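Here the structure is a predicted model, which means the values were calculated and not measured.
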Amino acid sequence: MLVEHPPLLHTRLFTPPVRRATLARSALIERLSVPEAQLLLLSAPAGFGKTTLLASWCHALAASDVAISWLTLESGDNEPLRFLSYLHAALARIPLPIPQPEAWAGGLHTHAIEHYLTHVLNALISLDRAVLLVLDDYHVIHAPEVHLAVAFLLDHLPPHIRLVIGSRADPPLPLARLRAHGGLVELRAADLRFSHQEIRHFFMRIGIELSAEALQHIDTYVEGWPAGVQLVALTMQTAGDQCAGLNGNREAPPDVDAQLSDSRPHLFAYLAEDVFAGQPAYRKAFLLQTAILDQLCGPLCDAVLGIESDQPSTDSYSRLILEELDHANLFVISVDGERRWFRYHQLFRAFLRERLEREQSDTIALLHRRASHWYARQEQLLPAFEHALVANDPAQAAELITRIRPACSEHAAAESALIRARSLAQEHGAAPLAQHIERELARLTAQARQLHQLDASGTATFDALSERELEVLRLVAEGASNQTIAATLCISIGTVKSHLNHILSKLDARSRTEAVARARTHKILPA
């Protein structure tokens, strides 16, 4: 018994129209026009212009002898028979004489799929013209049977047929093998991002002249995201129309900051509907809680999420999630060559932070506190200090300030770090902390004046001790224990031990007693 074929929606088989304001991206189209490539892959986040670029290219080829077979995929195409039925309909528009796929009541199995696709491939071989088979929105496909069907097609394509895939995530196809053999052309977010000049040309096409300052402002704001450019342009065009109604001027409104602010609801609505809504719950939780971070790595994100892990960073929960987000092109950008550190696209991060503030505002201070403690353990004291400020944890912030001078090996580095910390404290309205930092800067200046000169015998003296190391050494000379020193200076015992190791090294001493004796001999401490 044959299974009845459902009706097909033929609008999914048409190449989408190209709007008047669409930019001609000839350099990207030229990169796609590589006859040796079996697979042309456009893999980038939502709103990066994948469909627009492919549609522009296909319309440009309309006058040539290249046949275009376009299929926009939907989630229902995860059912193998439905996918093959739409594939048949798309190829029939060439036209290509191939039989209609059939499924028996027992189901459509891998052997039957390959048997049908063999008919398709044999029919394609008989064509005397080049063919582009475009599968757009491939990210909706998750059925292994469909992936295997596409892989079978790809493995056996005749030379004059090329498969084109537009997707928000890399498909599970043999990309590495194709890349190694020169059979893959790929365009990603970095390639599809609008350049500075493309943003200017886009605004010109809709009748808006941007000043150099406004252009730079918009470019920085959207980071080349094409959908962001269009939504900002829509807002500014509306404002420009209102200005033109008053004075006939079609230039961009002068208050660009206000226009970017006005565009934010449209941008955030797009991100909410087209990006965030479709994510599974665990991924949404991760995105929201890590949005407080300027940069992300596995161990840091684990700490912020409150996950205690003894796994190496390559196996941590958050590291695996970051790899997943990177693979899914979910607005994460690698900031190092090893793809261990990432950041969110700034608009996506702003969207996540606003949503976090709205939905989980009571957790924000805790998340920042966890981030501060992680950075402090890594001796990255400035980011630790900034997170402590946002967490409204003045005790942690003050303790971090006292660690900056001893942690810096050079006077200039310590001074720069303290000045930056003072600026952060002032930005957050933390006047007592700013005053505390002023005192640390004064101590740093005094320390610089105490650099040791040659002693009377002409032999070199020891490396200068920092002000905090001198404080520890004075307490050691008074017979104080590590616990007493830690309590007196409001630092941890671990930090005390670290200072003592530095002191012994600088004074070339093997014990605390010897260090005190050498310090008195060389007048570092009073006799």
Side-chain angles (χ1 to χ4, degrees), residues 25 27-54 57-58 69-73 75 77-78 80 83-84 87 90 110 113-114 117 120-121 124 130-193 278 283 314 319-334 336-340 342:
R25 311 191 76 184
L28 293 179
I29 287 177
E30 185 176 348
R31 288 179 59 182
L32 292 173
S33 304
V34 178
E36 298 83 9
Q38 296 168 258
L39 173 63
L40 307 173
L41 173 64
L42 280 72
S43 179
F48 265 81
K50 301 178 293 295
T51 299
T52 300
L53 180 63
L54 288 177
W57 183 35
C58 290
S69 182
W70 184 288
L71 172 57
T72 300
L73 296 166
S75 59
D77 298 326
N78 283 286
F83 170 75
L84 293 180
L87 180 65
T110 300
I113 293 173
E114 292 185 357
L117 292 177
V120 172
L121 289 162
L124 288 170
V131 176
L132 289 184
L133 172 56
V134 182
L135 301 179
D136 197 23
D137 288 346
Y138 195 88
H139 53 271
V140 302
I141 299 299
H142 54 77
E145 298 89 348
V146 177
H147 292 314
L148 288 172
V150 175
F152 183 83
L153 268 179
L154 187 57
D155 283 342
H156 299 90
L157 281 180
H160 60 293
I161 313 297
R162 285 183 290 170
L163 179 62
V164 185
I165 289 180
S167 178
R168 294 182 186 178
D170 285 4
L173 299 173
L175 301 182
R177 174 166 56 81
L178 287 168
R179 192 179 292 122
H181 296 153
L184 173 65
V185 171
E186 48 193 327
L187 296 181
R188 300 188 173 275
D191 307 297
L192 296 167
R193 205 170 270 126
R283 197 182 283 177
T314 53
R319 173 62 187 167
L320 297 176
I321 298 296
L322 285 170
E323 288 180 354
E324 187 179 301
L325 298 180
D326 186 31
H327 177 77
N329 288 319
L330 203 61
F331 288 88
V332 292
I333 300 167
S334 173
D336 68 345
E338 297 180 348
R339 306 192 80 77
R340 293 182 181 276
F342 298 85

Should [X] and [Y] count as side-chain neighbours, where that means a heavy-atom distance under 4.5 Å?
X	Y	answer
H156	L124	no
F342	L325	no
L133	L71	no
L39	I165	yes
L121	L157	yes
L153	L87	yes

Stepwise side-chain contact (heavy atoms from CB on, under 4.5 Å) test for D155 and R177: CA-CA 11 Å; D155 283 342; R177 174 166 56 81; 3.0 Å; yes
Could you pull out the closest heavy-atom pair between S33 and W57, with the gap in Å? OG-NE1, 3.5 Å
Determine, for D191 against R25, whether the closest basic-nitrogen to carboxylate-oxygen distance falls under 4.0 angstrom. no
Decide whether S334 and D326 meet the rule of one side-chain donor and one side-chain acceptor closer than 3.5 Å.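 Short answer, no.
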Only one of L54, L53, L40, L41 forms a side-chain contact (heavy atoms from CB on, under 4.5 Å) with L187, so which one is it?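 Result: among L54, L53, L40, L41, L53 is the only option passing the side-chain contact (heavy atoms from CB on, under 4.5 Å) with L187.
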Does [X] reach the main-chain N or O of [Y] with its side chain, forming a donor-acceptor pair under 3.5 Å?
X	Y	result
H142	N78	no
R188	N329	no
H139	P45	no
T72	D136	no

